[in-house]
Every structure is written in structure tokens, then in C-alpha cells.
Amino acid sequence: MTAETTQTILGLETSCDETAAAVVRLGADGRAEVLSSVVASQIAQHAPFGGVVPEIAARAHVEAIDAIAGRALAEAGLDFKGLTGVAATAGPGLVGGVMVGLSFGKAVSLARGLPLVAVNHLEGHAVSARLGADVAYPFLLLLVSGGHCQLLEVEGVGACRRLGSTIDDAAGEAFDKIAKTLGLPYPGGPALERLAETGDPARFELPRMLLGRRDCDFSFSGLKTAAARIAEGLTTDKDRADLAAAVQAAIAAQLAERSDRAMAAYGARHGASGLRFVVAGGVAANAAVRARLQASAEARGFAFTAPPLAYCTDNAAMIALAGAERLALGISDPLDAVARPRWPLDEAAAAASPTHAPGRKGAKA
Ligand code: KG4
Ligand code: ZN
């Protein structure tokens, strides 16, 4: 991507349970530099309820956003005058929280005369690998988070074509729900990964959902049910570690098998050179998932990129970069931009397959 001017953007992220602000500079050469990235997690406030409580999240964002944005500017060594624009997540997500960050962004835009970009959170995840490495468009993307599980061809800024998505739960949601049945604290994904470290993945046999199916869709509900049934009969920590390891291996295997199918289709369309496979979203922080996907990508002749760990889970640097890329192309949004609880990246594909939900209960259910 070639930008005509350098962009220095304040990014704001409030779509779930992290209040985040960051300053990112996108150079005229298309390289991104993170000047600051501040993430205030609300985990402690939600943990007693075993998941994110939307009303608590929205209130916590209101309380935190001012100070977090101020810290991001201070750590970048800038004030508002040093910015060329402001970018805020406008969806998809818990709409009470989204409205907090988007309204804050609009206020900054109006008060400081800066252009506003209303960023799709998923577009943020899609560009997140560009925060740590030179990743040119186009690329094949596996987006795996608490609310989403989809394979996308990313042709350029805002140009995505969906190849497949989950027909029930998102991968992160599966990690979280199975972790809960294993008695692990919220958020379950990282806790399950730690428990799996000492487990034997071969001890329990779990269903390999959709294996061999000719499309690129995902399904985790059968795995969830099977794991819950096994978990009922377990007594020792070793038992639980073995089941955690088996679950992690089964999720990684399904993600790799479906991605392999998408790589074959993508490779057939794009030719044999310059192929790249990117994994992004919270589940991309899982080492077993990363390793399995890297092996699949390399076997298909794809370069493999995953974002630095800090930019896998929700953050505002990815939102700032997505905004910077749009502003570099002269794209901005009006002050009446709306907060959107649902906002598919490939609207046409989403309309054609309305049953392919991004995890039924939404972000990090
Ligand atoms: O991208 P993210 O922070 O938020 C959404 O946009 O949903 O992803 C959060 C999800 C949660 O489901 C969390 O359990 C999962 O990513 N996750 C992990 C790991 N770290 C976060 N899952 C497995 N292993 C991890 N290390
Ligand atoms: Zn996310």
C-alpha cells in the first residue's frame, strides 16, 4: 500500500471488555509504527459472573476512556495537535461499549478539527499482522476470536471476500465454554492453554467436526458437547489437563484443516507465488494453534504471519492502523456514523448465508 502522506492516528477500542487507546504512525512507505498502545482490561469486574456483562462493560468504558486516551497520547509524546486523525471502533460488538469509544472519537474529531474513521473491529484484526511485519495485500486471513471464526480473502483496504465461517460457535467461544466446564476461570482460552501444557492430547478421543467437508466452514458445538460429557466423569488434575490438551488439539486441527482447504482454493485463484496466510484474533495467541497453522501454511507454500501476541487480543493499535490506512486513501466518516452491533466484513456473503452466525451470543459470550 502506498500512502501519500504520513498519518498519525489516535485509535480507540471499546467493543467488548477492554478499554484501549493507541497512537500509530503510518508512513508514506506504508510501514506502520506503534507509538503507544494502552489496554485496560475489565476482566476483574466480569470474572465473578463468568463472562462479559454488557452493562458493566459500558459503564467501565465510560469511567476509563478519558484517562486511557490521555495515557496513549502521553506515552506517544504527543498532544492532539500532533495527530492527523482519530479512529474508533464502530462495531461489531456490545453496542453500549461501542457507543462510548465512538462518541469519544467524535468529540475529539469535532473539538480538534480532525477527520474521523468509524472502524470495523474485524478490519482492525485483519490489519493487525501489519503492526509487527511487512504484510502486503492480498492475503488469506483466518480470523479467530471470541465472537468470530472466518476465512477471508483480503484483497486490500476494506475489500474482503468470505470463504467460510462458523455455523455455530466461534473458536474462542468454544475455548471459553469448554474451559468453564473444566472449572477454569474466565477468560477460558488462556487458562485452558496453561492447563493443557501438562496434558496428554491423545488420551481422550473427541469428534473432528466437518472433517473432509468440501466447504471452508467451521463447527464447534459437537466438540463442546463431547467435552462436557467427558468432563463430568473426571476427578484428578491430570484428567482435566489431558482433556484440555485434547480439546486444544481438536480445535487446532479443525482450524488447520479448514484453512488448508481455503489455501487450496486461494492458491488456485492467485497463482503459486507471493502467497501469504495470516491468522489474527485472540485465538491466534494460542501457541498450539499457531504452530499447527504455520505447518499447514508452509506445506502449501504460503508465507505465514501471526501478529505479535499483544496485538492478537483486542487492542487499539489495530484500530488506529485500520483508520490510518483508510485516511491515507482519503476515506473518512461523518460525525453521525452509527454504532453497529452487527457488521460483517463481507456484507454480501453474510446476507447470502444468514445462518452462518459469528457465535450466537456475540462477542466473548
Ligand atoms: O480478539 P479477542 O480479544 O476479542 C474478540 O474480538 O472476541 O479474542 C478473545 C478470545 C476469547 O475467547 C479468549 O478465550 C480467546 O480469544 N483467547 C485464547 C487465548 N487467548 C485469548 N484462546 C486460546 N488460547 C489463548 N492463549
Ligand atoms: Zn476482537
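Whatever order the structure lists ligands and atoms in, that order sets their numbers, starting from 1. Since this is a predicted model, take the numbers as computed values, not measurements. In this chain, residues are counted from 1 in sequence order.
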[X]: heavy atom below 4.0 Å from ligand 1, yes or no?
X: Q248; result: no
X: H125; result: yes
X: G147; result: yes

Short N/O distance, under 3.5 Å, between [X] and ligand 1?
X: G189; value: yes
X: G188; value: no
X: G281; value: no

Using a strict cut-off of less than 4.0 Å between a Lys/Arg side-chain nitrogen and an Asp/Glu carboxylate oxygen, indicate whether [X] and [Y] qualify as a salt bridge.
X: D200; Y: R203; result: no
X: D217; Y: R258; result: no
X: E257; Y: R208; result: no
X: R162; Y: E153; result: no
X: E173; Y: K177; result: yes

N/O/S atom of H125 under 2.8 Å from the Zn ion (ligand 2), yes or no?
yes
Would you check if the Zn ion (ligand 2) lies under 2.8 Å from any N, O or S atom of H148?
no
From the options A179, G282, C16, select the one whose nearest heavy atom is closest to atom 1 (O) of ligand 1.
G282
M318, E13, E193, R194: member with heavy atom nearest to atom 25 (C) of ligand 1:
E193
Between R59 and E55, does the salt bridge (Lys or Arg N to Asp or Glu O under 4.0 Å) criterion hold? Intermediate values first, please.
CA-CA 6 Å; R59 283 166 188 246; E55 183 60 28; 3.0 Å; yes
Proximal atoms of ligand 1 relative to [X] (non-hydrogen, under 4.0 Å):
X: N286; value: 23 (C), 24 (N), 25 (C), 26 (N)
X: G172; value: 12 (O)
X: T313; value: 3 (O), 21 (C)

Only counting residues at least two apart or in another chain, list the ones meeting ring-ring contact (aromatic ring centres under 6.0 Å, His included) with F139.
Y137
Taking only residues two or more places apart in sequence, or in another chain, which ones meet K180 in a salt bridge (charged side-chain N to carboxylate O under 4.0 Å, His left out)?
none
Relative to the Zn ion (ligand 2), which of the N, O or S atoms in D314 is the closest?
OD1
Heavy-atom donor-acceptor pair, S128 side chain to H125 backbone, under 3.5 Å:
yes
